[in-house]
Asks: 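First, the structure itself, so that you have it in front of you.
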There are 2 protein chains.
Amino acid sequence: MTARTPDSARDIPEATVARLPVYLRALIGLAEDGTTTCSSEELAASAGVNSAKLRKDLSYLGSYGTRGVGYDVEYLRYQIAREIGVTHDWPVVIVGIGNLGHALANYSGFRSRGFRVVALLDADPSRHDEVVAGLDVRSFEELESIVTEHDVSIGVIATPAVAAQAVADRMVAAGITSILNFAPSVLAVPEGVDVRKVDLSIELQILAYHEQRKSVGTGAEGVS
Amino acid sequence: MTARTPDSARDIPEATVARLPVYLRALIGLAEDGTTTCSSEELAASAGVNSAKLRKDLSYLGSYGTRGVGYDVEYLRYQIAREIGVTHDWPVVIVGIGNLGHALANYSGFRSRGFRVVALLDADPSRHDEVVAGLDVRSFEELESIVTEHDVSIGVIATPAVAAQAVADRMVAAGITSILNFAPSVLAVPEGVDVRKVDLSIELQILAYHEQRKSVGTGAEGVS
DNA sequence: CCCGTTTTGTTCTCCCGTTCACAAACTCCT
DNA sequence: AGGAGTTTGTGAACGGGAGAACAAAACGGG
Ligand SMILES: NC(=O)c1ccc[n+]([C@@H]2O[C@H](COP(=O)([O-])OP(=O)(O)OC[C@H]3O[C@@H](n4cnc5c(N)ncnc54)[C@H](O)[C@@H]3O)[C@@H](O)[C@H]2O)c1
Ligand SMILES: NC(=O)c1ccc[n+]([C@@H]2O[C@H](COP(=O)([O-])OP(=O)(O)OC[C@H]3O[C@@H](n4cnc5c(N)ncnc54)[C@H](O)[C@@H]3O)[C@@H](O)[C@H]2O)c1
């Protein structure tokens with residue numbers, strides 16, 4: 001049975017969870033523009049969604065708005081950040097410091113959005129001399145000690161596809177419970193470990209599918 | 001009743017479209033292993049999905065299997081590739097050749113999966129000397145002529161977020177109708193233009209949310 | 001040639017997510 | 001203070017997708 005959870009721990013729909021970061025980013029943008037209050041309509045426009053959907057999403061977190069007025073930008077921003085869990089930084093390790101790994105290591109958006117890269121690992125010894133974004137590239141063998149030392153629970157895989165499953169297995173064994181996978185491969189992981197994949201080719205192929213259909217439409221298909 | 005409409009009756013659900021590239025990749029993997037025939041069960045396992053879902057997805061394309069036998073790997077592979085539209089290469093331009101743009105330009109997966117990078121563009125003149133992955137980095141001003149010359153319909157944005165909307169506008173004006181956006185910003189585009197976004201921070205924050213919930217029992221940090 | 005086995009293609013049901021529409025709640029103005 | 005004007009929060013309808021279950025089709029063995 002599920003443990004009864006005191007007061008928070010309502011279960012937020014997955015689709016809503018996926019949009020909370022978008023709202024958070026929109027709120028940060030509004031705050032930087034000096035906006036202190038916003039309506040659901042304005043925030044929805046900034047986030048690129050329907051305002052009814054936005055309100056329903058926010059209602060899962062609680063009643064943080066004021067009817068007739070709107071939302072306090074700073075307050076809502078904090079509440080969403082707290083709900084997502086990015087009021088403090090999460091330590092992250094990146095494995096596979098090739099083309100993509102370099103870009104990720106140099107990505108400044110990590111720090112500002114609740115994450116801190118604590119180690120860069122690669123299996124290729126010739127990479128171990130290198131310093132990327134102020135961090136040594138270290139041996140993949142150090143994974144376990146680094147995970148333990150920094151209490152890392154999130155790992156990023158940027159190795160070739162053939163190595164991805166083995167890297168994931170090592171990560172899981174070391175105690176990592178969330179994996180972001182950039183390699184184009186299907187990962188098998190135990191229950192309780194979350195995997196999300198980012199796959200450039202799939203995104204492009206989805207675009208290609210729709211693109212192909214657009215050009216078919218130029219020849220009029222007279223149903224109607 | 002669906003009459004057998006070999007080319008027209010395509011109303012493929014979006015969720016299915018998003019999985020077709022995964023099936024295609026699984027089939028390529030099977031073919032490389034020398035497998036000539038596979039059941040829906042095997043293919044589903046390779047693709048990491050439920051076999052019923054796989055069969056239903058494939059049924060939208062047509063009846064390409066043989067009952068009691070399974071699917072011919074090469075034949076199904078071709079049919080899916082044709083449906084997605086990657087039997088020939090799509091020309092692609094990448095705008096913003098910074099950290100991420102370099103990685104993308106060097107990514108070999110483009111060629112092998114139905115895409116061909118025809119130009120790398122950047123607004124920064126100091127980058128124009130560079131040659132990346134055998135291509136000159138060219139001025140963003142050349143966008144229109146390149147799009148026209150190569151009949152490009154797909155563009156990739158890898159610029160900072162502040163520049164993304166302006167780049168998208170120029171792309172659309174130049175005739176591009178599909179955009180893959182790596183910048184963390186919401187793009188507004190006209191009807192008929194498809195945008196897909198890849199957002200590292202959002203993926204990590206979704207993982208963080210679930211990670212936070214996992215550790216609810218273990219002594220929360222900073223819960224006030 | 002016929003029957004049992006295998007596996008597809010499809011139907012049916014359930015669940016999740018989206019959207020509409022509106023009552024409740026708050027502010028401001030007179 | 002009271003009413004008019006706003007805007008939130010949510011109940012309900014709707015549509016699409018996931019998964020179980022099964023009938024139809026192909027193959028092989030006797
Ligand atoms: N480059 C891109 O833009 C891009 C885009 C989309 C997807 N990807 C995918 O991301 C992955 C990495 O791409 P890349 O271009 O950086 O490749 P790359 O070959 O440049 O880098 C891979 C790195 O992983 C290291 N590595 C290999 N096996 C390892 C192991 N077992 N443990 C630890 N490290 C290991 C290699 O030493 C190398 O440094 C690939 O799977 C690729 O398909 C890349
Ligand atoms: N580096 C990563 O791993 C990573 C990960 C996720 C998202 N992103 C996002 O991808 C984008 C690029 O990241 P990056 O690290 O490569 O940044 P970067 O600063 O290294 O590169 C950006 C490039 O875009 C060019 N540019 C700026 N304005 C332009 C314009 N108007 N037209 C054409 N080119 C222009 C710049 O000259 C520069 O070369 C950013 O939006 C970033 O948030 C990067």
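A, B, ... follow the sequence lines: proteins, then strands. Residue 1 opens every chain. Here the structure is a predicted model, which means the values were calculated and not measured.
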Asks: In Å, rounded to the nearest 0.5 Å, how long is the span from CH2 of A:Trp90 to CZ of A:Phe110?
Replies: 15.0 Å

Asks: Is there a salt bridge (Lys or Arg N to Asp or Glu O under 4.0 Å) between A:Asp199 and B:Arg25? Walk through the geometry before answering.
Replies: CA-CA 12 Å; A:Asp199 196 318; B:Arg25 180 169 298 156; 2.4 Å; yes

Asks: Nearest whole angstrom, please: distance from the C1' of D:dG17 to the CG of B:Asp11.
Replies: 14 Å

Asks: Specify the separation, in whole Å, of atom CD of B:Glu41 and atom C1' of C:dG9.
Replies: 15 Å

Asks: Give the intermediate values and the outcome of salt bridge (Lys or Arg N to Asp or Glu O under 4.0 Å) for residues B:Glu203 and A:Lys197.
Replies: CA-CA 8 Å; B:Glu203 300 300 324; A:Lys197 72 163 191 284; over 6 Å; no

Asks: Take the protein atom OH of B:Tyr64 and the nucleotide atom C1' of D:dA25, then report the distance between them rounded to whole Å.
Replies: 18 Å

Asks: Enter the distance from B:Leu24:CG to B:Arg113:CZ here, rounded to the nearest 0.5 Å.
Replies: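 One gets 9.0 Å once the value is rounded to the nearest 0.5 Å.
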
Asks: I'd like to know if the side chain of A:Arg82 pairs up with that of A:Thr87 as donor and acceptor (distance under 3.5 Å, no hydrogens or angles considered).
Replies: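 A:Thr87 and A:Arg82 do not have a side-chain donor-acceptor pair below 3.5 Å.
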
Asks: What is the separation between atom CG on B:Leu54 and atom C1' on D:dG17, rounded to the nearest whole Å?
Replies: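 Result: 15 Å.
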
Asks: For the residue pair A:Glu211 and B:Thr177, confirm or rule out a side-chain donor-acceptor distance under 3.5 Å.
Replies: yes

Asks: Protein within reach of the bases, or only the backbone? For nucleotides 14-22 of chain C, mark each nucleotide 5' to 3' as B, S or -, using heavy atoms under 4.0 Å.
Replies: ---SSBBB-

Asks: Would you say a side-chain N or O of B:Tyr71 is under 4.0 Å from OP1 or OP2 of C:dG9?
Replies: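 Affirmative; the distance criterion is met.
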
Asks: Could you walk me through whether B:Arg77 and B:Asp72 satisfy the salt bridge (Lys or Arg N to Asp or Glu O under 4.0 Å) test, starting with their C-alpha distance in whole Å, then the side-chain angles of each, then the deciding distance to 0.1 Å, before giving a yes or no?
Replies: CA-CA 8 Å; B:Arg77 170 183 167 175; B:Asp72 182 277; over 6 Å; no

Asks: Quickly, which of A:Tyr75, A:Tyr71, A:Tyr23 forms a ring pair (Phe, Tyr, Trp, His ring centres under 6.0 Å) with A:Tyr64? Name it, please.
Replies: A:Tyr75

Asks: What is the distance, to the nearest angstrom, from the CG atom on A:Asp72 to the P atom on D:dT8?
Replies: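 One finds 13 Å between P of D:dT8 and CG of A:Asp72, rounded.
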
Asks: Do nucleotides 25-30 of chain C as a string where each nucleotide becomes B, S or -: B if the base has a protein heavy atom under 4.0 Å, S if just the sugar-phosphate does, - if no protein is that close.
Replies: BBS---

